[in-house]
Number of protein chains: 2
Amino acid sequence: MVVAPPHRRSKREAASEARRQAILDAALEIFVSQGFAAARLDDIVSAAGVAKGTIYLFFRDKQDLFEQVVRGAVGPVFADMAVLAEKADAPFDAMLAALFDTFQREILATPKREIPRLIFAEGRRFPELAAFYHREVITPGLDLLRRLAQRAHERGELVSDALVRHPVLAFAPMLVSLIWTSTFDPFQKLDVADLLATHRELLSPPQARKPTP
Amino acid sequence: MVVAPPHRRSKREAASEARRQAILDAALEIFVSQGFAAARLDDIVSAAGVAKGTIYLFFRDKQDLFEQVVRGAVGPVFADMAVLAEKADAPFDAMLAALFDTFQREILATPKREIPRLIFAEGRRFPELAAFYHREVITPGLDLLRRLAQRAHERGELVSDALVRHPVLAFAPMLVSLIWTSTFDPFQKLDVADLLATHRELLSPPQARKPTP
DNA sequence: ATTATGACTGACTTCCCAGTCATTTGTCAA
DNA sequence: TTGACAAATGACTGGGAAGTCAGTCATAAT
């Protein structure tokens with residue numbers, strides 16, 4: 001989980017870094033459950049096991065803490081995407097299955113699932129954050145989907161160029177899953193695996209698929 | 001816009017009702033742009049042109065005002081849905097087109113478009129509100145979509161029963177449009193009409209449609 | 001072993017805002 | 001016209017939370 005420690009690290013520096021991380025972890029949880037405005041720094045520090053003033057050693061103010069929390073939680077997503085991109089010569093349906101699988105395992109089943117909701121919720125009051133997310137997550141993600149769709153279309157695996165023009169249509173049910181899980185799960189469970197499988201079925205109907213060796 | 005006035009209405013009562021509505025309208029705007037916690041009642045009253053205390057003549061507290069704002073904005077949706085349900089013998093694709101059209105005109109192009117975002121944002125802190133939205137909007141909406149899909153499937157207009165099992169898949173691109181419009185529009189415009197048309201094309205490919213007389 | 005350092009603390013200050021209520025304004029019935 | 005009453009007002013209050021800073025003490029330097 002933790003990156004390899006840089007060459008020399010005094011006891012002080014290590015403890016310092018641990019505190020910083022504790023604050024970020026606690027803040028993620030509090031921001032996610034309360035939203036930005038309603039989250040109290042007193043709650044964050046008590047969850048993190050540090051004192052009020054410690055926050056201000058690492059973060060300019062509450063807003064800076066919030067932005068760093070989001071950025072920190074979003075960063076590791078790229079690793080997953082890179083893995084997906086490498087398999088770009090697999091059948092489209094298989095790639096989609098892998099993508100949906102990764103999504104369920106690495107995002108939906110973790111606290112990260114709340115990040116997009118947080119972005120949507122606070123995007124208005126943090127335009128920079130929305131811009132960051134659009135630039136660093138949405139755009140590269142859609143570009144990747146578009147390339148995969150393009151290749152699949154050229155190979156004849158996709159009947160239409162719909163997904164090339166609107167790759168977001170491949171992503172939509174994941175958005176539904178995120179929103180539903182974050183908001184309506186207490187009232188009605190959603191069978192995400194079945195939803196995503198059904199969506200794959202819609203995008204590339206069995207009769208249109210190349211036979212898998 | 002206003003409902004026919006109930007039989008007798010004194011000057012006092014009319015003015016009172018007008019104030020109440022002014023507060024709701026102003027509150028919608030402020031809540032939508034600031035979120036619940038960050039919205040200041042002082043801003044709402046000054047936008048509504050009333051005094052601070054007036055709010056408390058109509059609403060128990062800030063939270064009650066918030067809930068009534070959301071309920072008030074959500075209610076009129078049913079009228080549109082009823083209209084759609086009446087045309088249930090039209091071809092599925094045509095009904096979907098009508099639905100998408102209504103959505104764009106009556107929701108996406110109005111301040112109402114921000115309501116779902118508000119629900120997603122504040123649902124955690126207002127479980128009752130999320131429950132209300134799930135019960136009064138999501139469930140009836142998905143039930144309607146399921147019935148339409150069921151009928152279309154029986155008629156052979158839909159190749160698979162995917163939409164019967166997961167009617168939310170028909171709805172997903174509208175969710176995408178809502179989220180995108182509320183969050184990322186300043187950075188990249190989304191051609192909603194084209195997106196929705198493309199999605200219809202995916203759901204019922206031209207070759208699968210019954211010829212329209 | 002002794003001193004110097006600066007990371008960390010948490011009580012405190014300051015500001016903000018939801019909610020109150022004594023006062024004023026406007027309506028309506030007599 | 002007028003008095004009674006309700007409706008509306010907005011200055012004020014109390015509590016709560018962001019941000020500060022003088023003091024403490026574990027660690028590092030000598």
Side-chain angles (χ1 to χ4, degrees), chain A residues 5-70 122 125-126 129, chain B residues 5-70 122 125-126 129:
Chain A
H7 194 46
R8 267 307 184 113
R9 167 83 59 114
S10 72
K11 218 171 192 175
R12 259 170 127 99
E13 283 166 331
S16 199
E17 181 53 32
R19 285 191 157 80
R20 192 190 130 90
Q21 198 53 52
I23 293 172
L24 285 172
D25 290 346
L28 173 59
E29 191 177 336
I30 302 286
F31 279 134
V32 146
S33 65
Q34 308 292 329
F36 174 77
R40 281 174 300 140
L41 293 188
D42 285 320
D43 287 349
I44 293 175
V45 295
S46 76
V50 301
K52 189 75 167 289
T54 308
I55 286 184
Y56 294 89
L57 298 175
F58 301 106
F59 310 98
R60 201 182 326 101
D61 53 18
K62 189 184 181 185
Q63 172 158 346
D64 183 45
L65 171 60
F66 179 71
E67 296 197 4
Q68 293 202 39
V69 163
V70 173
E122 310 290 350
R125 316 203 317 114
F126 298 91
L129 199 63
Chain B
H7 193 47
R8 266 311 182 110
R9 168 80 62 113
S10 73
K11 215 174 195 174
R12 259 170 127 95
E13 285 166 331
S16 202
E17 180 54 31
R19 274 169 215 279
R20 192 190 130 90
Q21 197 54 52
I23 293 172
L24 285 173
D25 290 346
L28 173 59
E29 192 177 336
I30 303 287
F31 278 134
V32 145
S33 64
Q34 308 291 330
F36 174 79
R40 281 174 300 145
L41 293 186
D42 284 319
D43 288 348
I44 293 175
V45 295
S46 76
V50 301
K52 188 77 163 287
T54 308
I55 285 184
Y56 294 88
L57 299 174
F58 300 107
F59 309 97
R60 199 181 329 103
D61 54 17
K62 189 184 181 184
Q63 174 159 345
D64 183 47
L65 171 60
F66 180 69
E67 296 195 5
Q68 293 202 38
V69 163
V70 173
E122 309 288 351
R125 314 206 313 118
F126 298 93
L129 199 64

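The chains referred to below are lettered A, B, ... by the order of the sequence lines, with proteins before strands, and numbering in each begins at 1. These numbers come from a predicted model, not from an experiment.
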Counting only pairs under 3.5 Å, give me each side-chain donor-acceptor contact of residues 25-36 of chain A, with atom names and distances, residues two or more places apart or in other chains.
unit_1  : atom_1 : unit_2  : atom_2 : d
A/Asp25 : OD1    : A/Gln21 : NE2    : 3.3
A/Ser33 : OG     : A/Glu29 : O      : 3.2
A/Ser33 : OG     : A/Ile30 : O      : 3.3

Hits for side-chain contact (heavy atoms from CB on, under 4.5 Å) against A/Asp61, two or more places apart or cross-chain, chain-then-number order -> A/Gln63, A/Asp64

side-chain contact (heavy atoms from CB on, under 4.5 Å) filter on A/Ala37, not counting sequence neighbours, yields A/Arg125, B/Ala37, B/Ala38

Partner residues of A/Arg19 under the side chain to side chain donor-acceptor pair (under 3.5 Å) criterion, sequence neighbours left out: none

For B/Arg40, enumerate each residue passing the side chain to side chain donor-acceptor pair (under 3.5 Å) test, keeping only those at least two apart in sequence or located in another chain. B/Asp43

For nucleotides 13-18 of chain D, just jot down a letter per nucleotide in 5' to 3' order: B, S or -, based on protein non-hydrogen atoms under 4.0 Å. ----SB

[N] [atom2] sits how many Å from [X] [atom1], rounded?
X	N	atom1	atom2	value
B/Asp43	C/dC16	CG	P	13 Å
B/Asp64	C/dG19	CG	P	10 Å
A/Ile44	D/dG19	CD1	P	11 Å
B/Ile55	C/dT20	CD1	P	12 Å
B/Phe59	D/dA8	CZ	P	12 Å

The salt bridge (Lys or Arg N to Asp or Glu O under 4.0 Å) partners of A/Lys52 (sequence neighbours excluded) come to A/Asp42

Protein N or O to nucleotides 6-8 of chain C N or O, pairs below 3.5 Å:
unit_1 : atom_1 : unit_2  : atom_2 : d
C/dG6  : O4'    : A/Arg12 : NH2    : 3.4
C/dC8  : OP1    : A/Arg19 : NH1    : 3.3

So ring pair (Phe, Tyr, Trp, His ring centres under 6.0 Å) across residues 37-60 of chain A, not counting sequence neighbours, yields none

Take A/Gln68 and A/Arg20 through the side-chain hydrogen bond (donor to acceptor under 3.5 Å, both in side chains) test and state the conclusion after the steps. CA-CA 11 Å; A/Gln68 293 202 39; A/Arg20 192 190 130 90; 3.3 Å; yes

